[in-house]
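Just so it is clear, the model here is predicted, and its values are computed rather than measured. Position 1 is the first residue of the sequence, and the numbers go up from there.
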Amino acid sequence: MTDQRSAATGWIAPSADWEEARARLAGLAEEYARFLAGRDPAAAEATGLPGEEPLPVTGPEALAERADIERRLRRRVSAVEPVRGPGEGADGGLGDGGHGDGGAWDAAPRPVRVLRSHLLERLDTSIEILESGDQGALLNVLASPFQGVRRALRLPGPGARQEEWGRLLERYRAAPGALTGIAQSLEASAARGVLPPRSQIEAVARQVDRFAGDTAAREAGSGPAVGHGALVDGALDRDLRAAADRTARAASGLSRYLREELAPRTGAREGVGPERHARWVHRLLGTSIEPAEVYRWAREELGAVVAAQDALAADVLGQGAGAADLDARLRRDPATGIRPEDFPRWAQDVAEEAWEAVVGRLLDVPGELGRPVVLLDAPGGGVHYEEPDPARGLPGRMLRSFAAGDETVWPWAERTTVLHESVPGHHAHSGAQSVDERLTPWQRHLARVPGCNEGWALYAEALAVETGLVSEPADRFGWLAARRWRLARVLIDLGVHAWLPVPGEIAALPGASGRSEWDRPTAEAVLRAHTVLGEGFVQLEVDKQLGWPAQGLSYVLGERVWTEGRERARRRAASAGEDLDLRAFHNRGIALGSVGLDLLARGLA
């Protein structure tokens, strides 16, 4: 890491006076990272720290232990002494021990101040979710404890060595306990009146059934693991089959618990309610919101995007044309599309063009980062970014998955997605942070806040438009379509989980239930009206938003913090008679790490 880049971000190394505070905070962050890695093999793999458990720990005793350890760690972080000036009190000006800077901490070097605030905020939001019972009640189709266990039980790839199959055996042997722990944690939260929505119980029960069936087929030698007997010795093969059988039976038990014991105790209303939603906002965004205000703002923004799409359609097709007409025109000629197997080559060209336009001009990245790579993922539909892993020689990767039966991919609808995931999006932000050695391993890999990450990636889409990377009318239409989708998510999230009433314009959409309370048909109607998603993806998206409170807010509300921070910086520069140095502004924000939105707003000030 060059001194030049550190200076450009305002990330100057702590002076000798502050070295003791920095070292103590870094040591506590390391201790926290080791604790998390010891409990979750995914955290151990991400950090390279030693793991102690073959599967994520899931039971109520483990959650209580985590809360206790985090409370004690929080007290120790708060007790780290700042370097005080004359006359300053023992609290360093922070009074109640909050996350904000103040008193003696105002004088702390930026990396010390940010690390302290980041630790306090992440610990506080985790403790809040644990103590409330929300963590124990977490159940959805994408990011709850069951999915963590299921991912850890994936079969080794082709050419796997005996030791890899041996590690799978260890995980299979731990799986019955992990699955039982999920049920016990759900039960402990339910006893306190904290329950998942019924729709999520039913959806996860279906996932558990499929997992149980696949696992039982492996034990019988007729499922996805057929042929592994030729790759492992006879004794290991027998042990794997026996462990798979026990896991399948434990999964069937979890499914019965979900359907027969947990579901009957829930009401039919979707969502978790405003109190629980507020806690998930704290956890996933690192801020607080006024739901009704955000609801009004999102409705106005959605109307503005719809008007912009209609205006673009009229420019292209003539007066009277609307967004639906342009969408139909763009899809009419298959020759303008590409085949799914050709997507990586096309998308790689888009990412390379963006790299040349952005890196070294609008932001800087660590030399260790390297350029992103675009790959196809297993069929299913979706896209995600995986950070680089220098230890294994893996670059940062965008993985795109298409649904079975997809024959044509539309570049105008995909360009924004590529820029969101690669450059100037996630690769230039979370990818760069993952190899930035000025951050602790905890900051680089385990402390990410979705509001910051997804907010940057959405801001990066608009930055790409400014830069000329999205210039053709069809591509701009695709960008607006993606933005419209993100705003629709805000309405669904707040309506479903904060229990805000269905607006009249939503209730009138084709397919909406017409009820004042949000339900699945109304969420489906919003996505059909305001996105270009296929029906299969609409169903996946509805499942996601119904079961993951506050996640849908991350994109637009995170972007709003980045955009408002940039506007404040522009006004400050203008008052000094200068132009905003956008490259320095971006470097400064990215160097903070993936922090809560309140801390991000202060860091951009």
Parallel, tilted or perpendicular, judged at 30° and 60°: which one describes the rings of F537 and W485?
perpendicular
Hey, could you give me the OH/CG distance between Y385 and N453, rounded to the nearest 0.5 Å?
10.5 Å
Closest non-hydrogen atoms of A143 and Q147, given as atom of the first, atom of the second and distance, are N-OE1, 3.8 Å
What closest approach, in Å, do A43 and L446 show between heavy atoms, and which atom pair accounts for it?
CB-CD2, 3.7 Å
Using the six-membered ring of Y172, assess whether NZ or CZ of R246 lies under 6.0 Å from its centre and within 45 degrees of the ring axis.
no
Can you check whether L419's main-chain N or O pairs, donor with acceptor, with H426's side chain at less than 3.5 Å?
no
Hey, would you say the H497 and W280 ring centroids sit under 6.0 Å apart?
no
For a 4.5 angstrom cut-off between non-hydrogen side-chain atoms, does P549 reach H277?
yes
Kindly give the heavy-atom pair with the smallest separation between A347 and V374, and that separation in Å.
CB-CG1, 3.6 Å
Taking atom CD as the centre, does E341 end up with more than 12 heavy-atom neighbours from other residues, nucleotides or ligands that are less than 6.0 angstrom away?
yes
Is the CZ atom of R265 crowded by more than 12 outside heavy atoms at less than 6.0 Å?
yes
If we only count heavy atoms from C-beta on, is the D239 to R173 side-chain gap below 4.5 Å?
yes
Compare all side-chain heavy atoms of R39 with those of E65 and state whether any distance is below 4.5 angstrom.
yes
How close do S189 and A137 get, counting heavy atoms only, and between which atoms?
OG-N, 3.4 Å
May I have all residue pairs that pass ring pair (Phe, Tyr, Trp, His ring centres under 6.0 Å) and include part of residues 386-406, sequence neighbours excluded?
F343-F402
Is there side-chain contact between L119 and L73, with at least one heavy-atom pair below 4.5 Å?
no
